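What you see is a predicted model; the values in this text were computed from it and never measured. In each ligand, atom 1 is the first atom listed, and ligand 1 is the first ligand listed. Note that the numbering runs from 1 along the sequence shown for the chain.
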Amino acid sequence: MWAPYDASTYQAVLDELDSDDVALEIGAGDLRLARKMALVCRKVYAIERQPAILSLDPRPLPGNLIAVQGDARDLPFPAGITAGVLLMRHCNHFHLYIEKLKAAGCRRLITNARWRMGVETIQLEAPRRAYGAIPIGWYACWCGATGFVDGDIGLLNPEAEATIHEVAGCPRCQDVFKRGVI
Ligand SMILES: C[S@@+](CC[C@H](N)C(=O)[O-])C[C@H]1O[C@@H](n2cnc3c(N)ncnc32)[C@H](O)[C@@H]1O
């Protein structure tokens, strides 16, 4: 099964890339976004698991686009990636991809996998607060979970409501680590 996203989602990704980038798209479908990324970036790697989908578009690839058929969970990520792209609203391996990107030297991930709507750019090296240190407000965790920490309503103001805390150790994170399936 696969489903492409819409033009505004792709544009939101392209707006976050520039000509110096070496980008890696995880789960590239028929390469429709990867081809657009190749018009912007210095180099693009695109990994897609399903060979039948990868070969849907018979046009030759641009010289700076390298498509790889395989499972992104198992394939080594090339060194020197500056931006990861993950458009996958039902991703179960978010944390694994973050770790693999960081190991490859990548510092940002452009994705819709955490909030499952819109596109965000995550700074992979940004410091993370412990989940328990958030008094109240929105959080996004490195395991891929998002949510709202309940707390003293008196601490909520427009600025606090608009802030998303990057955290580690959220309840889901602790649960899946305990079960060893992250
Ligand atoms: C929602 S589609 C998005 C395709 C493409 N990014 C786009 O926007 O046009 C997700 C794609 O990720 C692929 N995929 C899912 N898990 C994968 C994995 N572990 N390794 C490689 N590809 C994967 C699926 O086969 C599917 O084609």
Side-chain angles (χ1 to χ4, degrees), residues 1-124 140-146 172-173 175-177 179-182:
M1 294 289 288
W2 87 289
Y5 289 99
D6 57 17
S8 63
T9 302
Y10 294 151
Q11 192 57 51
V13 172
L14 297 171
D15 289 347
E16 294 295 315
L17 295 169
D18 63 49
S19 56
D20 279 341
D21 274 321
V22 176
L24 168 69
E25 187 182 10
I26 300 167
D30 66 356
L31 302 178
R32 64 183 67 194
L33 172 59
R35 286 176 187 274
K36 293 180 196 294
M37 286 162 54
L39 295 172
V40 176
C41 301
R42 185 149 57 92
K43 195 169 192 176
V44 176
Y45 296 97
I47 301 177
E48 170 55 47
R49 187 169 55 180
Q50 302 187 63
I53 292 171
L54 194 54
S55 56
L56 278 175
D57 184 344
R59 288 177 300 159
L61 298 180
N64 64 338
L65 170 56
I66 296 163
V68 181
Q69 189 270 311
D71 192 320
R73 292 171 297 180
D74 306 326
L75 285 174
F77 288 0
I81 305 164
T82 60
V85 173
L86 175 68
L87 291 185
M88 208 184 286
R89 280 187 299 219
H90 303 286
C91 178
N92 291 322
H93 305 285
F94 184 82
H95 180 254
L96 172 68
Y97 296 143
I98 277 193
E99 290 302 314
K100 290 185 69 169
L101 286 168
K102 280 167 66 174
C106 180
R107 296 214 169 132
R108 68 194 209 279
L109 172 63
I110 304 162
T111 185
N112 63 0
R114 288 201 302 190
W115 293 96
R116 298 170 189 224
M117 58 181 184
V119 169
E120 63 168 336
T121 295
I122 303 171
Q123 300 301 328
L124 300 178
C141 186
W142 71 337
C143 75
T146 55
R172 173 184 174 272
C173 192
D175 183 45
V176 284
F177 270 127
R179 290 187 282 121
V181 294
I182 203 160

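Ligand 1 has no N or O atom lying under 3.5 Å from any N or O atom of A28, backbone or side chain. Geometrically, ligand 1 and P4 share no nitrogen or oxygen pair separated by less than 3.5 Å. In terms of polar-atom proximity, R32 is not counted as a contact of ligand 1, lacking any N or O under 3.5 Å from an N or O of the ligand. Residue Q50 has at least one nitrogen or oxygen atom sitting less than 3.5 Å from a nitrogen or oxygen atom of ligand 1, judged on distance alone.
Expressed to the nearest 0.5 Å, how far OG1 of T82 lies from CG of L17 amounts to 8.0 Å. Between the CE atom in M37 and the CD1 atom in I110 there is a gap of 7.0 Å [rounded to 0.5 Å]. In this structure, E120 CD and L109 CG are separated by 7.5 Å, a value rounded to the nearest 0.5 Å.
Heavy atoms from other residues, nucleotides or ligands lying under 6.0 Å from NZ of K102 number more than 12. Shown here is R107, whose CZ atom has no more than 12 heavy atoms of other residues, nucleotides or ligands within 6.0 Å.
Between W142 and H95, the ring planes lie perpendicular to each other; the angle is over 60°, past the 30° to 60° tilted range.
When heavy-atom distances to ligand 1 are checked against a 4.0 Å cut-off, D71 comes that close through both its backbone and its side chain. Residue-level proximity to ligand 1 for R49 is carried by backbone and side chain together, each with a heavy atom below 4.0 angstrom.
You'll find the side chain of Y97 reaches within 4.5 Å of the side chain of R73, heavy atoms only. A 4.5 Å side-chain heavy-atom check between D57 and R35 finds at least one atom pair inside the cut-off.
Listed for the Y10 side chain is a donor-acceptor partner under 3.5 Å among the backbone atoms of Y5.
Proximity to G70 (heavy-atom distance under 4.0 Å) selects the following atoms of ligand 1: 20 (N), 21 (C). Those atoms of ligand 1 with a heavy atom of M88 less than 4.0 angstrom away are 12 (O), 14 (N), 15 (C), 16 (N). Of all atoms in ligand 1, listed by their number and element, those nearer than 4.0 Å to a heavy atom of L87 are 1 (C), 3 (C), 8 (O). Close approach of ligand 1 to A72 is summarised as follows: ligand atoms under 4.0 Å from at least one heavy atom of the residue are 18 (C), 19 (N), 20 (N), 21 (C). Listed by atom number, the atoms of ligand 1 under 4.0 Å from E25 heavy atoms are 5 (C), 6 (N). Within ligand 1, the atoms closer than 4.0 Å to a non-hydrogen atom of Y97 are 18 (C), 19 (N), numbered from 1 in the order shown.
Evaluated by nearest non-hydrogen atom to atom 2 (S) of ligand 1, the leading choice among A3, G27, A52 is A3.
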